[in-house]
Amino acid sequence: MGLLSQIATLPLAPVRGVAWVMERVVQAAENEYYDPEPVERALAELERALLAGEIDEETFDRREDELLDRLEEIRAHASGAGPDATL
């Protein structure tokens, strides 16, 4: 029965191949989206800009809050908790 089912589902092979590729693309996108390194670099650059006088304290605080929220989301995802886990 295995050979017969393989022959019967052979026309679906391209669909399965596309589905597999799409799963890999989604996985790669999620890995990039949930990578904490760019957020940590942005925090360091933000602090450097504040110390260099390129931005004011209010801009720093607002942007820092955004980046810290993003970092919290990344860490919640990494720990397997949902985005509302900290509420």
Side-chain angles (χ1 to χ4, degrees):
M1 192 73 170
L3 179 61
L4 190 56
S5 63
Q6 285 182 348
I7 291 171
T9 60
L10 189 59
L12 297 177
V15 174
R16 286 191 301 255
V18 169
W20 180 84
V21 168
M22 290 303 298
E23 287 174 11
R24 296 303 157 264
V25 168
V26 168
Q27 185 179 24
E30 284 182 352
N31 288 344
E32 187 174 322
Y33 182 76
Y34 289 112
D35 183 10
E37 189 174 320
V39 178
E40 292 166 350
R41 275 197 312 260
L43 281 167
E45 175 60 26
L46 187 66
E47 184 176 8
R48 187 208 58 76
L50 177 67
L51 295 175
E54 297 172 3
I55 59 172
D56 61 0
E57 192 74 37
E58 181 181 330
T59 303
F60 174 83
D61 288 340
R62 181 178 39 78
R63 184 68 181 127
E64 182 188 40
D65 287 343
E66 293 169 1
L67 290 169
L68 290 175
D69 287 345
R70 178 73 184 108
L71 198 55
E72 185 177 322
E73 177 187 358
I74 290 168
R75 289 182 176 151
H77 176 78
S79 70
D84 297 329
T86 58
L87 295 179

For P11 and A8 the tightest heavy-atom approach is CD-O, 3.5 Å
Side chains of residues 42-52: which donor-acceptor pairs under 3.5 Å do they make with residues two or more places apart or in other chains?
residue	atom	partner	partner atom	Å
E45	OE1	R48	NE	3.2
E45	OE2	R48	NE	3.2
E45	OE2	R48	NH2	2.6
R48	NH1	E54	OE2	3.2
R48	NH2	E54	OE1	3.1

Which pairs would a plain distance check flag for residues 55-67, meaning a side-chain donor or acceptor within less than 3.5 Å of a matching protein atom at least two apart in sequence or in another chain?
residue	atom	partner	partner atom	Å
D56	OD1	T59	N	2.9
D56	OD1	T59	OG1	2.5
R63	NH1	E66	OE1	3.0

Check: residues 21-38 side-chain donor-acceptor pairs under 3.5 Å, at least two apart:
residue	atom	partner	partner atom	Å
N31	ND2	Q27	O	3.4
D35	OD1	E37	N	3.2
E37	OE2	R41	NH1	2.7

Would a 4.5 Å heavy-atom cut-off, applied to side chains only, mark E72 and L68 as touching? no
Residue pair L71, R75: steps toward the side-chain contact (heavy atoms from CB on, under 4.5 Å) verdict: CA-CA 6 Å; L71 198 55; R75 289 182 176 151; 3.7 Å; yes
Please give the remaining members of the hydrophobic cluster of V15, linking ILVMFWY side chains under 4.5 Å, ordered by chain and number.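 None, because no other hydrophobic side chain comes under 4.5 Å of this residue.
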